[in-house]
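Position 1 is the first residue of the sequence; numbering continues from there. Computed from a predicted model, the values in this text were never measured in an experiment.
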Amino acid sequence: MKRYLLLEDGTTYEGTGYGYEGETNGEIVFTTSMSGYLETITDPSYAGEILIFAFPEIANYPLNLEHMESSKVQVAGIITKDAHAIFSGGESGTGFNEFLKQNMVPAIDGIDTRSLVEKIRESGAIKGYIRNKNEFPDKFEDTMDLDLVSMVSIKKYKYYNSGHKKQILFIDVGTKNSLIKRLSETASLHIVPYNYDFFNIKFHYDAIFLPNGPGNPGHSSLEPLRAFIREKSSSMPVMGVCLGNQLIALSMGGKTEKMKYGHRGINHAVLIGNRVYITSHNHGYAVNGDSLKGTGMEICGTDINDGTVEMIKHRELPVFSVQFHPEAYPGPYDSTWFFNDIKTTLGEKI
């Protein structure tokens with residue numbers, strides 16, 4: 001079945017459709033990951049985005065659904081060069097094409113992903129549609145203006161009792177399952193929605209954690225959360241990852257900005273101190289380093305390639321966060337020390 005990728009600059013790509021037969025739209029982004037397909041497409045940070053797999057051969061192994069990072073596929077659509085989507089999962093897992101159909105996610109194959117990635121790297125983020133007809137829409141919606149966090153955050157309070165005495169208030173703005181699992185090795189978690197009644201909490205907690213999530217950290221729907229962090233940061237530890245890193249920066253008086261094309265993949269080199277770590281990334285916004293002057297926050301780590309702020313901490317308060325994903329599913333395990341830092345901050349022995 002023919003399918004078309006239509007870009008807001010007037011460019012048309014023709015390819016072969018697979019997955020769900022419907023149509024979709026979103027901001028088009030790319031990942032450099034060569035594997036970890038299932039973990040990638042079920043990451044809630046991809047909500048509102050059509051994902052290009054920059055590596056040409058994709059879906060050449062079955063999907064083990066135990067490795068899903070959420071309950072469903074989160075990307076709006078998928079673009080590939082050579083997807084082995086027709087392969088059956090057999091007894092060892094689920095096939096890629098079958099899984100996308102089940103999750104109602106359209107995909108398009110046979111696209112010159114190299115030229116498409118080059119276009120985005122040169123021109124910046126671009127909006128697009130995957131359609132079954134070569135007909136441009138009347139307008140290209142900016143999905144990053146949507147309240148994406150509300151679409152992926154849990155709806156009700158949940159307690160994750162891992163047997164630890166230390167208690168963390170875990171504010172779900174679109175977390176990955178692996179981040180919950182990894183952090184639960186450090187403390188028991190009170191997992192709450194992003195719009196919880198924070199100022200009337202009845203249970204005890206020793207620290208606050210802000211995980212990854214999609215969209216603009218400056219969205220108006222997140223202001224009550226930012227105000228809560230602003231108040232609590234002076235009295236207890238606050239830690240974060242990815243979107244959580246950006247929310248902490250905003251709460252402390254800093255600013256964030258939309259990146260030209262973001263960082264997505266599992267091979268990003270980050271310099272912290274005198275060591276380089278290879279890390280997993282998925283973000284289209286970043287902390288503005290200059291804006292942290294006078295806030296008490298300092299930059300502790302940067303991206304080797306473009307200088308993006310990768311780690312910040314307060315000079316006096318136990319407030320710190322990272323832009324990359326230390327839980328590393330998928331990805332390298334270079335930065336699991338982050339969880340030891342949390343243990344130390346909570347007064348736990350490593």
Assert yes or no for the condition that the ring centre distance of Phe203 to His190 is strictly below 6.0 Å. yes

Electrostatic pair Glu223:Arg226 at N-O distance under 4.0 angstrom: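 A salt bridge is present here (some side-chain N lies under 4.0 Å from a carboxylate O).
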
Looking at Lys158 and Asp172, is there a salt bridge between them, counting it only when a charged N and a carboxylate O are closer than 4.0 Å?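 Between Lys158 and Asp172 there is no salt bridge, as every charged N stays at least 4.0 Å from the carboxylate O atoms.
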
Taking [atom1] in [X] as the centre, count heavy atoms belonging to other residues, nucleotides or ligands within less than 6.0 Å. Is the count above 12?
| X | atom1 | result |
| --- | --- | --- |
| Lys139 | NZ | no |
| Gln102 | CD | yes |
| Lys258 | NZ | yes |
| Met151 | CE | yes |
| Met236 | CE | yes |

Just wondering, do [Y] and [X] contact through their side chains at under 4.5 Å, heavy atoms?
| X | Y | answer |
| --- | --- | --- |
| Lys260 | Asp306 | no |
| Ile50 | Val75 | no |
| Leu243 | Pro211 | no |
| Thr336 | Arg182 | yes |
| Tyr196 | Ile201 | yes |
| Lys119 | Leu7 | yes |
| Ile52 | Ile120 | yes |
| Val149 | Leu225 | no |

Intermediate values then yes/no, side chain to side chain contact (heavy atoms under 4.5 Å, CB included), Tyr261 and Val29: CA-CA 7 Å; Tyr261 49 81; Val29 302; over 6 Å; no

Side chains of [X] and [Y]: donor-acceptor distance under 3.5 Å anywhere?
| X | Y | result |
| --- | --- | --- |
| Glu69 | Ser178 | yes |
| Ser123 | Asp9 | no |
| Glu316 | His314 | no |
| Asn282 | Asn212 | no |

So, taking the atom named [atom1] in [X] and the one named [atom2] in [Y], what distance separates them when rounded to the nearest 0.5 Å?
| X | Y | atom1 | atom2 | result |
| --- | --- | --- | --- | --- |
| His283 | His325 | NE2 | NE2 | 8.0 Å |
| Ile78 | Ile130 | CD1 | CD1 | 8.5 Å |
| Ser33 | His281 | OG | NE2 | 11.0 Å |
| Glu8 | Tyr129 | CD | OH | 11.0 Å |
| Gln74 | Leu51 | CD | CG | 12.5 Å |
| Asp82 | Ile111 | CG | CD1 | 12.5 Å |

Do side-chain atoms of [X] reach the backbone of [Y] as a donor and acceptor pair under 3.5 angstrom?
| X | Y | value |
| --- | --- | --- |
| Glu27 | Thr143 | no |
| Gln246 | Tyr285 | yes |
| Lys176 | Tyr329 | yes |
| Ser234 | Glu231 | yes |
| Thr113 | Thr80 | no |
| His219 | Ser221 | yes |
| His84 | Tyr61 | no |
| Ser188 | Ser162 | yes |
| Lys127 | Phe140 | no |
| Ser153 | Tyr194 | yes |

Going hydrophobic residue to hydrophobic residue with side-chain gaps under 4.5 angstrom, can you get from [X] over to [Y]?
| X | Y | result |
| --- | --- | --- |
| Phe199 | Phe170 | no |
| Ile168 | Tyr160 | yes |
| Tyr46 | Leu65 | yes |
| Val241 | Leu247 | no |
| Phe30 | Leu5 | yes |

For the pair [X] and [Y], name the ring-plane relationship: parallel under 30°, tilted 30 to 60°, perpendicular over 60°.
| X | Y | result |
| --- | --- | --- |
| Phe228 | Phe198 | parallel |
| Tyr157 | Tyr159 | parallel |
| Phe96 | Tyr37 | perpendicular |
| Tyr277 | Trp337 | tilted |

So which atom in [X] and which in [Y] form the shortest heavy-atom distance, rounded to 0.1 Å?
| X | Y | value |
| --- | --- | --- |
| Gly48 | Ala76 | C-CB, 4.4 Å |
| Met311 | Val322 | CG-CG1, 3.8 Å |
| Pro217 | Leu250 | O-CD1, 3.3 Å |
| Ser233 | Leu317 | O-CD1, 3.5 Å |
| Ala207 | Met239 | CB-CE, 4.0 Å |
| Gly128 | Ile28 | CA-CD1, 3.8 Å |

Going through the distances and angles, do Lys166 and Thr186 end up as a side chain to side chain contact (heavy atoms under 4.5 Å, CB included)? CA-CA 8 Å; Lys166 295 296 182 179; Thr186 300; over 6 Å; no

Paired with Phe320, the side-chain contact (heavy atoms from CB on, under 4.5 Å) test is passed by just one of Ile248, Thr345, Asn245, namely Thr345

